[in-house]
Amino acid sequence: HVQLVESGGGLVQSVGSLRLSCAASREIIGWLTMAWYRQSPEKTRVLVARRFPSGSTDYVEFIKRRFTISRDSGKNELYLQMNNLNPGDTAVYYCKIYTAADEFWGQGTQVTVST
């Protein structure tokens with residue numbers, strides 16, 4: 001079992017940047033798929049980005065040139081670098097790691113982008 005804790009959210013102005021972190025309670029194993037989701041107020045939770053065990057990544061089309069998902073195995077952390085933020089990015093962001101058999105979610109971190 002793995003516990004995940006997100007951090008790095010906050011208030012940022014449009015066109016600004018943030019890096020979200022997701023700390024795991026133990027080593028992030030290479031065969032785990034890692035992902036970031038977000039949920040805007042009054043909306044459902046949606047996938048933002050994924051990193052597969054191979055190291056390849058997958059992004060929602062409109063985000064992939066602004067956001068970058070990565071991990072640091074030495075720190076047992078997953079990251080989401082977010083650049084050129086706009087108010088539409090305002091949401092609670094959640095990290096997730098999973099296999100076909102298991103899913104682990106963080107509690108979420110709030111990102112608010114002002115004009």
Side-chain angles (χ1 to χ4, degrees):
H1 196 272
V2 179
Q3 291 181 302
L4 304 175
V5 180
E6 299 96 335
S7 63
L11 177 64
V12 64
Q13 197 170 24
S14 292
V15 195
S17 298
L18 286 174
R19 189 183 74 163
L20 305 183
S21 298
C22 175
S25 60
R26 61 178 175 85
E27 182 181 6
I28 299 175
I29 301 171
W31 45 260
L32 295 173
T33 301
M34 309 170 189
W36 286 94
Y37 289 72
R38 73 184 188 187
Q39 185 169 3
S40 301
E42 302 177 349
K43 295 183 178 180
T44 58
R45 190 175 301 181
V46 298
L47 177 68
V48 175
R50 291 182 293 185
R51 184 187 186 277
F52 299 98
S54 66
S56 64
T57 55
D58 181 82
Y59 300 88
V60 175
E61 179 64 26
F62 74 92
I63 276 180
K64 68 179 182 179
R65 294 184 179 181
R66 300 189 295 123
F67 293 7
T68 303
I69 186 172
S70 63
R71 76 178 183 94
D72 184 338
S73 60
K75 296 182 178 180
N76 296 329
E77 290 187 346
L78 175 70
Y79 304 107
L80 183 67
Q81 178 66 48
M82 305 187 294
N83 300 320
N84 300 318
L85 289 163
N86 61 71
D89 297 317
T90 295
V92 177
Y93 285 73
Y94 300 86
C95 65
K96 174 188 176 182
I97 60 176
Y98 62 95
T99 66
D102 301 291
E103 294 184 354
F104 307 100
W105 288 90
Q107 86 291 340
T109 185
Q110 176 71 48
V111 172
T112 303
V113 185
S114 68
T115 57

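Here NZ of Lys96 is found 11.5 Å from CG of Leu4. Values are rounded to the nearest 0.5 Å. Distance check, rounded to the nearest 0.5 Å: CZ of Arg71 to CD of Glu77 gives 12.0 Å. To the nearest 0.5 Å, atom CG of residue Asp89 and atom CD1 of residue Ile63 are 6.0 Å apart. Atom CG of Asp58 sits about 4.5 Å away from atom CZ of Arg50, to the nearest 0.5 Å.
Nearest heavy atom pair, residue Ile69 against residue Ala49, reads CD1-O, 3.9 Å. Taking all atoms of both residues into account, the shortest heavy-atom contact from Thr33 to Pro53 is OG1-CD, 3.4 Å.
Contacts of Tyr79 classified as ring-ring contact (aromatic ring centres under 6.0 Å, His included), with partners at least two apart in sequence or in another chain: none. Every side chain to side chain contact (heavy atoms under 4.5 Å, CB included) that Val46 has, sequence neighbours left out, goes to Arg38, Thr44. With sequence neighbours left out, Ser56 forms a side chain to side chain contact (heavy atoms under 4.5 Å, CB included) with Phe52, Ser54. When the side-chain hydrogen bond (donor to acceptor under 3.5 Å, both in side chains) test is applied to Thr112, the partners found at least two apart in sequence or on another chain are Gln110.
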Return all side-chain donor-acceptor pairs below 3.5 angstrom for residues 7-25, not counting sequence neighbours, or 'none' if the list is empty.
residue : atom : partner : partner atom : Å
Ser14   : OG   : Ser114  : O            : 2.7
Ser17   : OG   : Asn83   : OD1          : 2.9
Ser25   : OG   : Gln3    : N            : 3.0

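Other residues sharing a hydrophobic cluster with Leu47 under the 4.5 Å side-chain heavy-atom criterion for ILVMFWY residues are Tyr37, Val92, Tyr94, Trp105.
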Residue pair Thr68, Leu80: steps toward the side-chain contact (heavy atoms from CB on, under 4.5 Å) verdict:
CA-CA 6 Å; Thr68 303; Leu80 183 67; over 6 Å; no
Met82/Tyr93 under side-chain contact (heavy atoms from CB on, under 4.5 Å): CA gap, chis, key distance, verdict
CA-CA 11 Å; Met82 305 187 294; Tyr93 285 73; 3.8 Å; yes
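Without hydrogens or angle criteria, Ser40 side chain to Lys43 main chain gives no donor-acceptor distance under 3.5 Å.
If you chain together hydrophobic residues whose side chains sit under 4.5 Å apart, Val5 and Val2 never meet in one group. Hydrophobic cluster membership differs between Tyr98 and Met34, with clusters built from Ile, Leu, Val, Met, Phe, Trp and Tyr side chains linked at under 4.5 angstrom.
In this structure the side chain of Leu78 reaches within 4.5 angstrom of the side chain of Trp36, judged on heavy atoms.
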